[in-house]
Amino acid sequence: MRFFLDTADIEQIRKVNQWGLLDGVTTNPTLISKTGRPFLEVVNEILEEVDGPVSLETVSLDAEGMIKEGRQLADLGSNVVVKIPMTPEGMKAVRALEEEGIPTNVTLVFSPMQALIAAKAGASFVSPFVGRLDDISGEGMKLIREIREIFYNYEVDTEIIVASVRHPMHVLEAALIGADICTVPYGVIEKLFKHPLTDKGIDAFLKDWEKVPDKPF
Ligand code: E4P
């Protein structure tokens, strides 16, 4: 499973890249606004740092506007993926952009049928939001299981990005189900490293190391 970082914060992106875990980045208007910085400044920094796909979202509601914005975003870098919301107008835009060779990521997907519609429109990626479903007492990971099965049944190429991830269990379940990608907030990636027995083991090794005579370092 590939790891994307769900952020527009360049420091977080750099850290995760140094850990060797960065396969791509997803942003949205909320994440961009959180930086408090000009859009192009933020995006150009991200595109310079990241080799993998970087999703940048359109904000128009009509297909014509989305296509125009999508082309502008795609011009920013060869690894830009245009993020389009799951609406009928959005699917028109997905079809048009994909025909031009511009990859798309259909966002705000909350049902298996929305995912299938996105795939049939030709989207390169689909982003089902698990955390927001859990927030309203839904079953986020059930959605991923169902999409995985449908895509398997019909040999669909569209890649599943598990989105709206809230905790390490979402990441574990995404991997067990066989999602292609999980887009993870920085705080959750940090938690993936942690295990109390790792910390305890390091403490014990360091204490014992103190007892070794004539140490080289
Ligand atoms: C996905 O690409 C979105 O940016 C993101 O995962 C939304 O997550 P949220 O529900 O935490 O806002």
Side-chain angles (χ1 to χ4, degrees), residues 1-10 12-13 16 21-37 39 42-43 46-47 49-50 52-59 66 69-70 73-74 76-77 79-87 90-91 93-94 97 102-112 114-115 117-119 121 123-144 147-148 158-175 177 179-192:
M1 185 172 74
R2 274 132 69 211
F3 282 107
F4 286 2
L5 194 61
D6 198 24
T7 189
D9 183 318
I10 190 66
Q12 294 180 351
I13 292 169
V16 176
L21 282 180
L22 192 74
D23 295 312
V25 163
T26 50
T27 69
N28 62 39
T30 306
L31 294 171
I32 298 274
S33 79
K34 273 189 192 161
T35 68
R37 300 172 57 210
F39 177 77
V42 174
V43 165
I46 295 174
L47 290 170
E49 178 70 25
V50 184
V54 174
S55 285
L56 304 175
E57 193 155 339
T58 55
V59 289
M66 290 181 203
E69 289 169 11
L73 293 171
L76 297 174
N79 53 341
V80 169
V81 173
V82 178
K83 220 172 176 190
I84 304 267
M86 166 32 76
T87 61
M91 295 313 96
V94 164
L97 290 168
I102 298 173
T104 59
N105 170 5
V106 174
T107 188
L108 293 165
V109 166
F110 294 96
S111 81
Q114 288 181 321
I117 289 168
S124 298
F125 303 93
V126 65
S127 290
F129 278 37
V130 294
R132 291 193 198 185
L133 272 178
D134 291 353
D135 290 345
I136 59 156
S137 305
E139 254 191 274
M141 295 317 297
K142 183 173 168 230
L143 172 62
I144 306 302
I147 298 172
R148 180 72 290 163
T158 304
E159 294 196 280
I160 302 169
I161 306 180
V162 177
S164 186
V165 163
R166 300 274 193 264
H167 48 69
M169 283 307 288
H170 277 151
V171 185
L172 169 63
E173 285 180 68
I177 291 166
D180 302 287
I181 299 148
C182 194
T183 188
V184 189
Y186 179 78
V188 176
I189 291 242
E190 266 191 324
K191 285 184 188 153
L192 297 179

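Whatever order the structure lists ligands and atoms in, that order sets their numbers, starting from 1.
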T7 side, atom OG1; Q12 side, atom CD - distance, nearest 0.5 Å: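 The OG1 atom of T7 sits 4.0 Å away from the CD atom of Q12.
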
Distance in Å, I102 CD1 paired with L73 CG, rounded so as to fall on 0.5 Å steps: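 Interatomic distance, I102 CD1 to L73 CG, rounded to 0.5 Å: 9.0 Å.
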
Can you tell me which residue pairs pass the salt bridge (charged side-chain N to carboxylate O under 4.0 Å, His left out) test with a partner in residues 180-191, sequence neighbours excluded?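 As it turns out, the salt bridge (charged side-chain N to carboxylate O under 4.0 Å, His left out) pairs with a partner in residues 180-191, which skip direct neighbours, are R148-D180.
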
Does any donor atom in the side chain of T26 or S55 lie under 3.5 Å from an acceptor atom in the other side chain?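 Their side chains do not contain a donor-acceptor pair, so the 3.5 Å distance test is not met.
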
Would you tabulate the polar-atom pairs, meaning N/O of ligand 1 against N/O of the protein, with distances under 3.5 Å, reported to 0.1 Å?
| residue | atom | partner | partner atom | Å |
| --- | --- | --- | --- | --- |
| ligand 1 | 2 (O) | K83 | NZ | 2.6 |
| ligand 1 | 4 (O) | D6 | OD1 | 2.9 |
| ligand 1 | 4 (O) | N28 | ND2 | 2.8 |
| ligand 1 | 4 (O) | K83 | NZ | 3.2 |
| ligand 1 | 6 (O) | D6 | OD2 | 2.6 |
| ligand 1 | 6 (O) | S164 | N | 2.7 |
| ligand 1 | 10 (O) | R132 | NE | 2.7 |
| ligand 1 | 10 (O) | S164 | OG | 2.7 |
| ligand 1 | 10 (O) | R166 | NH1 | 3.2 |
| ligand 1 | 11 (O) | R166 | NH1 | 2.8 |
| ligand 1 | 12 (O) | R132 | NH2 | 2.7 |

Considering residues at least two apart in sequence or located in another chain, which fulfil the side chain to side chain contact (heavy atoms under 4.5 Å, CB included) criterion with A174?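 Once residues adjacent in sequence are excluded, the partners of A174 under the side chain to side chain contact (heavy atoms under 4.5 Å, CB included) criterion are M1, M141, V162, A179, C182.
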
Compile the donor-acceptor pairs under 3.5 Å between side chains in residues 133-140 and protein atoms, sequence neighbours left out, one pair per line.
| residue | atom | partner | partner atom | Å |
| --- | --- | --- | --- | --- |
| D134 | OD1 | G140 | N | 2.8 |
| D134 | OD2 | H170 | NE2 | 2.8 |
| D135 | OD2 | R166 | NH2 | 2.7 |

